[in-house]
Asks: 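Quick one: the structure is below, questions incoming.
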Amino acid sequence: MPPADTGASTIVVDASAPSSPVITSRAAAPASAERLEPGRPGYRTMSFALFAAGVAAFALLYSTQALLPAISASYGVSAGQASWTVSAATGALALCVLPLSALSERFGRRQMMTASLTVAVLVGMLVPFAPSIGWLIALRAVQGAALAGLPASAMAYLAEEVRPKALVAAIGLFVAGNSIGGMSGRILTGWVAQAWGWRAALAAVGLLAVACAVAFHFLIPKARNFTPGTLNPKALAKTVATHLGNPLLVRLYAIGALFMTVFGAVYTVIGFRLVEEPFSLPQGIVGSIFLVYLVGTVSSAAAGRLVARLGRRGALYLAVSTTTAGLLLSLSQSLAAVLLGLVLITAGFFAGHAVASSSVSRTATTGRAQASALYQSAYYLGSSAGGTLGAVAFHAGGWAATVALGLLAVLGVVSITLYGTRVARAERRALVPATR
């Protein structure tokens, strides 16, 4: 892979590669147990358990996003203040994903996932009773920190327990649970809030998460190929420093963060725009706007074909162009044009995210679990920053200011990719004399 490539077509997980440098020693590993695969006992229940976990986690993580106008009105706060109920959760997840993924090496993937879901669900049952915006933001931060233990642990669990040939399909089902949870949580809260208020909507998401967490607890098979190790913080710090010293990985992290800044800004603020003139949509319809997420499922799956046809950087440029067109189209005062703009933004974001995120595993030759965790940290920091800055921009200058923020982030992606192209060309020219 050329040094300046900025993406790949599929998520690559190599269970045989060194991915846990935080471990200094392990107990003598038992003979590897037979791994799960389609058609064998345990695979279907495992898949459904992780699907349920993904639904619960992402329904909880973004549960307040479709409710921001109602929360803002209820507490008498600005859009920027209300947006912190989303940004606090995603920001806390970003900060905690790396340390919690390291802890899963010591205490087990299954145990970490169970603990994460349990704490997040318990907090979720308290969230509807928050007496002030400060309490709501604090509870959401705790919830986001708890959920940080799920994504990396789930990926590691699958890499250890599922046969390599079935791994991509198993990961795909978990990711599908993520997207369906994020989408269904927003839609559910929109319609419940329209009938009974935003507190009832958050309670409904909490109950959905309880049901999913119970299903996960009873269905997830015990780990048969995990051996606990002893944590070495110095080794972890060294691995992280190595990844952050890799220019290509840093560019990938920045691209993921910038794409998510656009996405976070748009979907945090769009509810405020659609409940105002000239649209004046009811809360239930605003929540249903998140059905557009289904477009992202299609575009992320198509990223592989785009890379095969256009190359990795070509696919990234297409994702940027699509996102930019969507941002500009969303400035229209026509509801149909705004919805088409959201479709293009969503398609471009998911394609760009697929290209950037999947390249991390291909780029990191050691410590892949930590490399992926750093990408997730950058990704959710982008979500947190986008949500807050997008709401502040909207409060200061309306939707046009939010779009300007998105265009600035897109320009950052273009600049990073152009720089990567120049680096690749320079390195190829430098190699020419050595081959003669």
Side-chain angles (χ1 to χ4, degrees), residues 6-7 57-58 60-65 68 80-102 116 120 137-138 140-153 155 178 182 236-237 239-241 243-269 323 345 349-350 352-360 363-364 367 369-393 402 405-406 408-413 415-417:
T6 54
F58 284 81
L60 289 172
L61 184 63
Y62 291 104
S63 58
T64 62
Q65 193 170 58
L68 292 179
Q81 289 173 296
S83 71
W84 274 104
T85 63
V86 179
S87 298
T90 55
L93 189 153
L95 294 174
C96 294
V97 65
L98 183 61
L100 290 187
S101 66
S116 292
I137 292 171
R140 293 281 293 146
V142 173
Q143 198 170 48
L147 289 171
L150 184 67
S153 297
M155 294 299 183
N178 296 349
L236 174 60
T239 301
V240 170
H243 291 328
L244 294 179
N246 183 323
L248 176 53
L249 282 177
V250 171
R251 291 198 294 272
L252 292 171
Y253 297 153
I255 287 171
L258 288 168
F259 263 121
M260 194 56 174
T261 298
V262 180
F263 199 66
V266 166
Y267 276 98
T268 296
V269 175
T323 303
I345 292 167
F349 161 74
F350 274 101
H353 169 48
V355 170
S357 65
S358 60
S359 187
V360 171
T363 302
Q370 286 69 45
S372 296
L374 285 170
Y375 180 85
Q376 290 179 44
S377 293
Y379 177 82
Y380 284 109
L381 283 175
S383 175
S384 182
T388 299
L389 295 176
V392 170
T402 302
L405 172 68
L408 185 63
V410 165
L411 180 61
V413 174
S415 300
I416 291 169
T417 309

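Values below: every heavy atom of this structure, side chains too, minus hydrogens, waters and symmetry copies. Predicted model only: the values in this text are computed from it and were never measured.
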Asks: Any side-chain heavy atom of V86 sitting closer than 4.5 Å to one from S83?
Replies: no
Asks: Please round to the nearest 0.5 Å and tell me the distance separating atom OG1 of T90 and atom OH of Y62.
Replies: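 The OH atom of Y62 is 6.0 Å from OG1 of T90, to the nearest 0.5 Å.
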Asks: Assess the pair F350 and F263: is the distance between their ring centroids shorter than 6.0 Å?
Replies: yes
Asks: With rounding to the nearest 0.5 angstrom, report the OH to CG distance, Y267 to L68.
Replies: 14.5 Å
Asks: Run through V410, L411, I416, L408 and flag the one making a side chain to side chain contact (heavy atoms under 4.5 Å, CB included) with L258.
Replies: I416
Asks: What are the two closest non-hydrogen atoms of G387 and T268, and how far apart are they?
Replies: CA-OG1, 3.5 Å
Asks: side-chain contact (heavy atoms from CB on, under 4.5 Å), that's the test. Do L147 and S116 meet it? Break it down for me.
Replies: CA-CA 5 Å; L147 289 171; S116 292; 5.8 Å; no
Asks: Do V262 and F349 have side chains that get closer than 4.5 Å, going by heavy atoms?
Replies: no
Asks: Could you pull out the closest heavy-atom pair between L100 and A145, with the gap in Å?
Replies: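 Minimum heavy-atom separation between L100 and A145: CD1-O, 3.4 Å.
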Asks: With under 30° as parallel and over 60° as perpendicular, where do the rings of Y380 and F58 fit, or are they tilted in between?
Replies: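 Aromatic pair Y380/F58 classed tilted.
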Asks: Could you walk me through whether V240 and L374 pass the side-chain contact (heavy atoms from CB on, under 4.5 Å) check?
Replies: CA-CA 8 Å; V240 170; L374 285 170; 4.1 Å; yes
Asks: Grab the two heavy atoms, one from P99 and one from L95, that are nearest each other, plus how far apart they are.
Replies: CD-O, 3.6 Å
Asks: Distance from S384 atom OG to W84 atom CH2, nearest 0.5 Å?
Replies: 5.0 Å
Asks: Under a 4.5 Å cut-off applied to non-hydrogen side-chain atoms, are M260 and Y379 in contact?
Replies: yes
Asks: Taking all atoms of both residues into account, what is the closest heavy-atom pair of I137 and Q81, and its distance?
Replies: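 So the two residues come closest at CD1-O, 3.9 Å.
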Asks: Which residue is it: L93, L60, L61? I am looking for the one with a side chain to side chain contact (heavy atoms under 4.5 Å, CB included) to Q143.
Replies: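 Exactly one candidate clears the test, L60.
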Asks: Can you tell me how far the OG atom of S101 sits from the CG atom of L150, to the nearest 0.5 Å?
Replies: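 That separation rounds to 12.0 Å.
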Asks: Over all heavy atoms of both residues, which pair between A378 and Y253 is shortest? Give the atoms and the distance, please.
Replies: CB-O, 3.6 Å
Asks: Nearest heavy-atom pair of L405 and G386: which atoms, and what distance?
Replies: CD2-O, 4.5 Å
